[in-house]
Student: 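Below is a structure I'd like to ask you about.
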There are 2 protein chains.
Amino acid sequence: MTGARGYHHGDLRRALLAAAAVAIEESGPAALSLRDLARRAGVSHAAPAHHFGDKPGLLTAFAVEGFDLLAAALQTGDSLLEMGVAYVDFAVRRRAHFEVMYSPDLYRADAPEVVAARGRSRAVLRSAVADLPPGPGAVGGAAGDALAAWSIVHGFATLWKAGALPDEAGDDPREAARVVIRRLFGSRVADVDARGQAAPPARSPRTPA
Amino acid sequence: MTGARGYHHGDLRRALLAAAAVAIEESGPAALSLRDLARRAGVSHAAPAHHFGDKPGLLTAFAVEGFDLLAAALQTGDSLLEMGVAYVDFAVRRRAHFEVMYSPDLYRADAPEVVAARGRSRAVLRSAVADLPPGPGAVGGAAGDALAAWSIVHGFATLWKAGALPDEAGDDPREAARVVIRRLFGSRVADVDARGQAAPPARSPRTPA
DNA sequence: GAGCATATCTTGCCGTTGACAAGATATGCG
DNA sequence: CGCATATCTTGTCAACGGCAAGATATGCTC
């Protein structure tokens, strides 16, 4: 399926997306060049155009791939806490995809494939939020929980990647993310997976003295 | 100070930064062209190089300007809640600066002027967090509060701008931001500026039943 | 106020890029 | 086998970033 390498590449589309991930990790999405991707894949400079049309077209496909990878990564976490950690982990380890996904002016963010893929990853998060015990004095209900959870985890990941955090944040994004998420949800999310069972919220130290 | 417009422009540096804000708001930072900025300012295509060296140099100055504008915007909010709202408002209204500031591969994010300006905006946030009543069971203390506050507000702003939020989030970013921030800090931040006085945390409905 | 150093801006050029057009080659289907 | 189509190549163009060399204005010194 892969090699062949005569006049026809055989799997150029996939090869270009893989090359894009490498190139973007090296120099960021702004410096991405279609001609460079073509060189990496061993084809002529005009070959990518057939598969993706133009540069935004390629990045649109790349973003779709990213949202699907994110949905898959989130599904490995069984609790909301671990799902948040997985989100941060995805942002740090798959930098290229993450950066493109949230740079909507680089690609066609309103393309139907993008909307669908983004909806899929959002649905995974939603399902975990639905499993939460209802929060006290919740202003927006489950939707508000999801919005707050997504915001804090996304913001933390972005700031971490941008190097905008002070040194006190430590050097392990997963652990730092856990602390931040616990601060949002408190006992509602604490220790579910560390002990394999949820700690009783009433005994939690989060209750004000 | 401004016009003159002979061989010498008179205030080209400022004019180029202003043109950059307009151009980026129109087409995003990736499509920014030094030659286009020069045309907008009415100078030759090589004039910008004298002031900023190269493209990353210009965006570095632009990011510094952004961090200082952010620090000024945050200072208008007197409570942590309103400061968070001001952060989101800044991200939405000054899109160009915000996008560049948090795209570190577009400029020299480790340049000393950038580090200093970023530190100034961070200090403003810190001062507001310090005014908070101490949280119950705080894992990371005030530093953790600041990190969580910054993360949730930054994440919300980014997601809002990226159009990644579901429609339920509404169409007023300021009000939606208020809801999200309250969910993080609960009674510790609620209604401080609405009533001009903090509600007593002990009576707050956030205490688990 | 004359002369010189320097800051600012222009013109001209080069290599690279994204996009397009036209042609070559492989693949699949009758 | 023969043709339609998908895939890839070669060639070209305008625009861009960056550099070099020259022109013009500004400020400083005497």
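Chain letters run A, B, ... following the sequence lines, proteins first, then strands; residues in each count from 1. In what follows, every heavy atom counts, from backbone to side chain, and hydrogens, waters and symmetry copies are set aside.
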Student: Using a heavy-atom cut-off of 4.0 Å across all strands, would you classify A:His45 as base, sugar-phosphate, or nothing?
Tutor: base

Student: Would A:Arg94 and A:Asp89 pass as an ion pair if we require N to O under 4.0 Å?
Tutor: no

Student: Which of residues 20-37 of chain B sit near DNA chain C, with a heavy atom under 4.0 Å from it?
Tutor: B:Arg35

Student: May I have the distance from A:Asp54 (atom CG) to D:dA15 (atom P), rounded to whole angstrom?
Tutor: 18 Å

Student: Which class fits the ring pair A:Tyr87 and A:Phe98: parallel under 30°, tilted 30 to 60°, perpendicular over 60°?
Tutor: perpendicular

Student: Touch check for B:Arg13, heavy atoms < 4.0 angstrom, all strands: base, sugar-phosphate only, or nothing?
Tutor: nothing

Student: Out of C:dC20, C:dT11, D:dT7, which has the shortest distance to the side chain of A:His51?
Tutor: D:dT7

Student: Are the side chain of B:Ser33 and the backbone of B:Arg35 linked by a donor-acceptor contact shorter than 3.5 Å?
Tutor: yes

Student: Which nucleotide in the set D:dG17, C:dT11, D:dT9 lies at the smallest distance from any side-chain heavy atom of B:Ser44?
Tutor: C:dT11

Student: In whole Å, what is the span from the CZ atom of A:Phe52 to the P atom of D:dC8?
Tutor: 11 Å

Student: Determine, for A:Glu25 against A:Lys161, whether the closest basic-nitrogen to carboxylate-oxygen distance falls under 4.0 angstrom.
Tutor: no

Student: For B:Arg39 and D:dA14, give me the distance from atom CZ to atom P, rounded to whole Å.
Tutor: 15 Å

Student: Does C:dT10 have its OP1 or OP2 closer than 4.0 Å to a side-chain nitrogen or oxygen of B:His50?
Tutor: no

Student: Can you label the angle between the B:His97 ring and the B:Phe62 ring as parallel, tilted or perpendicular, going by 30° and 60°?
Tutor: parallel

Student: Calculate the interatomic distance between B:Leu12 atom CG and C:dT8 atom C1'; express it in whole Å.
Tutor: 9 Å

Student: A:Lys55 has an atom NZ; how far is it from atom P of C:dC20, in whole Å?
Tutor: 14 Å

Student: With a 3.5 Å distance limit and no angle check, can you tell me whether B:Tyr107 reaches the backbone of B:Val114 through a side-chain donor-acceptor pair?
Tutor: no

Student: Rounded to whole angstroms, how far apart are CZ on B:Arg40 and P on D:dC16?
Tutor: 11 Å

Student: Among all residues two or more places apart in sequence or in another chain, which pass the side chain to side chain contact (heavy atoms under 4.5 Å, CB included) test with A:Pro104?
Tutor: A:Ala109, B:Ala162

